[in-house]
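A short write-up of the structure that comes next.
From a predicted model like this one, the values you see are computed outputs, not experimental measurements.
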Amino acid sequence: MARLKFGAFLAPHHPIGEHPMLQFRRDLDLVEQLDALGYDEFWCGEHHSSGWEMIASPEMFLAAAGERTKRIKLGTGVVSLPYHHPFNVAQRMVQLDHMTGGRAIFGSGPGALASDAHTLGIDPMLQRDRQDEAIALIRRLFRGERVTAKSDWFTMNDAALQILPLQEEMPFVVASQISPSGMTLAGKYGIGIISLGSMSTQGLMALPTQWGFAEDAAKKYGTTVSRSDWRVLLSWHIAESREQARAEAGSGLMQWHNEYNVKTLQRPGLERFKSIDDALEKTAGGVGISASTIGTPDDLVSAIRKLMEVSGGVGHIIGFVHDWANPESTRRSWDMVARYVIPEINGYVAKLRESQKFLIENRAVFDRAGQAVMAKIMENHKAAAALPLTGPGRVAIPPVDAPDLQKEAAKQHKA
């Protein structure tokens with residue numbers, strides 16, 4: 001099986017109250033940490049209202065992140081295309097690609113917050129069609145074409161980019177939530193997908209149906225879609241024990257749900273959690289598949305394997321960045337995922353375990369090496385005389401092939 005890639009998605013969802021400047025800096029610190037830990041991708045979004053989601057320009061944030069990182073891919077998650085002239089979006093993404101050394105991923109969406117569309121005077125009924133229209137033109141611009149186009153929301157006259165992306169093919173990714181529009185766009189253009197609706201258990205169970213929308217559209221438009229370009233969002237907080245993880249994340253989880261999802265966004269069908277235990281049980285409880293894991297590395301490994309089984313296979317697991325726990329515990333959670341979860345999922349430690357097991361089960365094969373050591377000791381009368389003084393704990397780093405020196409000393413004493 002192909003190895004999974006791992007990343008992080010920062011909407012962001014930060015509780016109101018902290019100095020925004022310090023929050024931006026801490027978010028950049030997180031990207032730097034993820035890069036050092038070997039994560040493959042980092043995503044951040046575009047929002048203009050709600051108080052909790054305060055990155056207005058993902059391109060600006062990612063340009064700063066690019067200066068503090070070396071290898072991690074940097075994705076706009078997402079640029080809300082109906083909010084911008086498509087030519088300006090294309091130019092900003094090309095500049096970002098060059099400024100980050102060819103690490104940009106162009107993620108787009110129609111716009112997630114109704115309040116943002118209202119602020120800009122955009123009819124929500126038009127947003128998805130406008131995203132489709134913009135993607136088609138931006139792809140042409142990236143290919144170096146000169147474009148003339150007139151729409152009810154923009155005009156291009158002989159428009160051409162002065163520089164093309166540094167990457168030969170900058171990855172295009174569309175966001176998918178509840179409606180089939182995101183998956184349909186991915187199939188239409190043969191591009192990648194990031195499934196954000198998977199943050200609920202119902203969203204996870206709907207993944208096979210959602211993938212079907214992409215395949216149907218690809219067949220209709222004569223393109224292809226690949227599961228290796230499919231990203232699925234999960235939430236987690238990981239600690240050394242389930243009890244510790246629950247203690248660290250419970251209060252913040254309850255605040256995030258009650259204050260943001262229920263009170264601020266007023267999402268239909270959601271009710272306030274009555275207690276921390278209620279929040280933990282409904283978010284990450286039960287024995288079935290869950291979109292959130294609050295527990296140990298083994299718990300997250302199990303959750304990812306269940307996701308792969310339910311979905312039929314994806315190419316990327318993207319963790320949702322949140323403030324359920326304090327900054328120190330949050331950073332440790334991401335560190336533990338990199339140290340224990342990713343290598344377990346991708347088989348990086350399998351051969352180490354195999355090597356250890358082989359040595360344990362075939363110890364007798366290596367006894368001759370110990371006999372060789374003993375033979376050399378007995379050839380030297382001073383070494384043989386010192387044998388009774390040698391025993392366990394007296395050799396700082398005993399070699400694997402060392403004989404049982406105490407046992408051999410006892411033999412010599414009897415002799």
Side-chain angles (χ1 to χ4, degrees), residues 1-5 7 9 40-41 43 73 75-82 86 89-90 93 105-112 124-145 147 149 151 165 167-200 202-234 289 291 304 306-318:
M1 184 180 71
R3 288 174 174 169
L4 278 173
K5 293 184 178 180
F9 183 95
D40 299 287
E41 298 177 352
W43 298 76
K73 297 282 189 178
T76 55
V78 297
V79 174
S80 300
L81 290 180
V89 174
M93 288 305 304
I105 304 174
F106 177 39
S108 72
M125 299 298 290
L126 302 175
Q127 287 176 258
R128 284 157 184 81
D129 290 341
R130 289 185 175 182
Q131 181 193 3
D132 186 353
E133 187 177 11
I135 287 175
L137 292 172
I138 292 171
R139 283 166 63 84
R140 290 178 60 191
L141 290 167
F142 278 9
R143 289 195 293 263
E145 296 182 27
V147 178
S151 177
Q167 300 176 80
E168 187 173 358
E169 290 287 342
M170 185 191 297
F172 272 62
V173 176
V174 291
S176 173
Q177 296 197 56
I178 300 171
S179 79
S181 61
M183 286 289 192
T184 300
L185 279 179
K188 179 178 180 178
Y189 293 108
I191 57 181
I193 305 148
I194 182 166
S195 290
L196 309 180
S198 56
M199 288 176 63
S200 68
Q202 295 85 350
L204 283 180
M205 298 306 295
L207 287 176
T209 301
Q210 290 283 320
W211 182 251
F213 295 142
E215 290 185 320
D216 290 345
K219 188 179 299 183
K220 176 180 178 181
Y221 289 98
T223 64
T224 58
V225 285
S226 172
R227 287 179 178 270
S228 65
D229 294 325
W230 188 10
R231 297 159 173 85
V232 172
L233 199 66
L234 294 179
I289 188 169
I304 292 171
K306 288 177 182 176
L307 164 67
M308 296 297 284
E309 182 180 346
V310 168
S311 67
V314 304
H316 308 244
I317 299 295
I318 308 297

Return the minimal non-hydrogen interatomic distance between [X] and [Y], and the atom names on each side.
X      : Y      : answer
Pro208 : Ser311 : CG-CA, 4.4 Å
Ala90  : Leu141 : CB-CD1, 3.9 Å
Lys188 : Thr223 : O-CG2, 3.2 Å
Phe9   : Gly77  : CZ-O, 3.1 Å
Ser108 : Val78  : C-CB, 3.5 Å
Gly312 : Arg227 : C-NH1, 3.4 Å

Hey, what do you get for [atom1] ([X]) to [atom2] ([Y]), rounding to the nearest 0.5 Å?
X      : Y      : atom1 : atom2 : answer
Ser176 : Ile194 : OG    : CD1   : 10.5 Å
Leu233 : Leu196 : CG    : CG    : 6.0 Å
Ile191 : Met170 : CD1   : CE    : 13.0 Å
Phe142 : Gln167 : CZ    : CD    : 9.5 Å
Glu41  : Ile317 : CD    : CD1   : 11.5 Å

Ser195 and Gln210: CA distance, side-chain angles, deciding distance, side-chain hydrogen bond (donor to acceptor under 3.5 Å, both in side chains) verdict = CA-CA 9 Å; Ser195 290; Gln210 290 283 320; over 6 Å; no
For this session: Could you check Thr76 against Met93 for side-chain contact (heavy atoms from CB on, under 4.5 Å), going step by step and ending with a plain yes or no?
Result: CA-CA 9 Å; Thr76 55; Met93 288 305 304; 3.7 Å; yes
Check your understanding: Under the side-chain contact (heavy atoms from CB on, under 4.5 Å) criterion, do Val225 and Glu215 qualify, and how do the steps go?
Key -> CA-CA 7 Å; Val225 285; Glu215 290 185 320; 4.3 Å; yes
State, yes or no, whether a side-chain contact exists between [X] and [Y] at a heavy-atom distance under 4.5 Å.
X      : Y      : answer
Val310 : Met205 : yes
Asp216 : Thr184 : no
Asp40  : Lys73  : no
Ile193 : Trp211 : yes
Ile138 : Leu81  : yes
Ile105 : Arg231 : yes

(Q) Using the rule given for side-chain contact (heavy atoms from CB on, under 4.5 Å), can you reason through Arg128 versus Ser179, listing the C-alpha separation, both sets of side-chain angles and the distance that settles it, and then say yes or no? (A) CA-CA 10 Å; Arg128 284 157 184 81; Ser179 79; 3.8 Å; yes
message = Would Arg139 and Phe172 count as a cation-pi pair here, with the cationic atom under 6.0 angstrom from the ring centre and within 45° of the axis?
response = yes
Residues at least two apart in sequence or cross-chain that pass salt bridge (Lys or Arg N to Asp or Glu O under 4.0 Å) with Arg143, listed by chain then number, are Glu145
Passes side-chain contact (heavy atoms from CB on, under 4.5 Å), Val174 versus Tyr189? Steps please.
CA-CA 10 Å; Val174 291; Tyr189 293 108; over 6 Å; no
### Query
With distance as the sole test, does His316 use its side chain to make a donor-acceptor pair with the main-chain N or O of Ser228 at under 3.5 Å?
yes
Hits for side-chain contact (heavy atoms from CB on, under 4.5 Å) against Gln127, two or more places apart or cross-chain, chain-then-number order -> Pro82, Tyr83, Pro110, Ala117, Ile122, Pro124
